[in-house]
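A quick write-up on the structure given underneath.
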Amino acid sequence: MNSALEDLLLQIRSCRICEEHLPLGPRPVLAASTTAKLLIVGQAPGTKVHASGIPWNDQSGKRLRQWLDMNIELFYDASQVAIVPMGFCYPGKGKSGDLPPRPECALHWHQNLLAQLPNIQLTLPIGKYAQDYFLGKSAKANLTETVASWHEYLPHYMPMPHPSPLNHFWLRRNPWFEQEAVPALQTLVKDLFKI
């Protein structure tokens, strides 16, 4: 890892910009390396990830690794896989799940951080916040339409729904995702990492 990225990661991990809005306090959780080829962009850490400091260290992460058909060793190898959520800290609980990621992270950190990841070949924007940020005007009217159009964003992006257990209704209503998009994603991952 180069020193510019190391310095930036140290700054991010000590960030306190939105501390007053975080019910559990700041604990930025991310992983990145200049050599990473896959970029996973979720929303923000949940309470389990906040407690452990390990990204996707929960049931959502388990399902995500199943979708990727990726073992835990590769998933957590920062030299291969960068994990950069839209919000680095747990944002708090809302009426129907966690609150949206705090906007300060993307505004203050993302552009500089992404510039330090020159070898990313595939980005997985997971959820509407990541899709709006990475896909911009090419994102569709809603998450379902964007994810259903996944083939339009290849080879650089593969938009995905959130793998949260709370998302089982969406997955049940949209069986095509696990029947068609997930096998395509697994092929992309195998080709990317030569596995």
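As a basis for the values below, the full set of heavy atoms in this structure was taken, side chains included, without hydrogen atoms, waters or symmetry mates. Please read all numbers here as calculations on a predicted model, not as lab measurements.
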*Kindly determine whether E104 and W109 satisfy side-chain contact (heavy atoms from CB on, under 4.5 Å), including the steps that lead there.*
CA-CA 8 Å; E104 292 89 344; W109 298 113; over 6 Å; no
*May I ask you to decide if N71's main-chain N or O and R65's side chain share a donor-acceptor pair within less than 3.5 Å?*
no
*Judged by atom type as modelled, is there a donor-acceptor pair below 3.5 Å linking the side chain of Y153 to the main-chain atoms of S138?*
yes
*Between C89 and R102, does a side-chain contact (heavy atoms from CB on, under 4.5 Å) hold up when you go through it step by step?*
CA-CA 8 Å; C89 297; R102 297 290 316 167; over 6 Å; no
*For the pair L64 and I40, evaluate side-chain contact (heavy atoms from CB on, under 4.5 Å) and give the outcome as yes or no after the intermediate values.*
CA-CA 10 Å; L64 177 58; I40 298 172; 4.0 Å; yes
*First locate atom CG of L124, then atom CD1 of I83, and finally report the distance between them rounded to the nearest 0.5 Å.*
10.5 Å
*Side-chain contact test, heavy atoms from C-beta onward, threshold under 4.5 Å: evaluate it for W67 versus I126 and give yes or no.*
no
*For the side chain of T35 and the backbone of S79, is there at least one donor-acceptor N/O pair under 3.5 Å apart?*
yes
*Under 3.5 Å, is there a donor-acceptor pair between the side chain of T187 and the main chain of P183?*
yes
*How about H156: does its NE2 atom have over 12 heavy atoms from other parts shown lying under 6.0 Å from it?*
no
*Report the C-alpha separation of E152 and K140 in whole Å, then their side-chain angles, then the decisive distance to 0.1 Å, and conclude whether the side-chain contact (heavy atoms from CB on, under 4.5 Å) test is met.*
CA-CA 11 Å; E152 292 180 21; K140 309 300 180 192; 2.8 Å; yes
*asked:* Quick one: does any side-chain atom of R13 pair with a main-chain N or O of L30 as donor and acceptor, under 3.5 Å?
replied: yes
*Donor-acceptor contact present, side-chain Q131 to main-chain M160, <3.5 Å*: yes
_Is there a continuous path of hydrophobic side-chain contacts, each under 4.5 Å between heavy atoms, that joins L107 to M86?_
no
*Would you call the rings of F88 and H110 parallel, tilted or perpendicular, where under 30° means parallel and over 60° means perpendicular?*
parallel
*Do Y90 side-chain atoms and G25 backbone N/O form a donor-acceptor pair below 3.5 Å?*
no
_Donor-acceptor check, side chain of D98 to backbone of G46, threshold 3.5 angstrom: yes or no?_
no
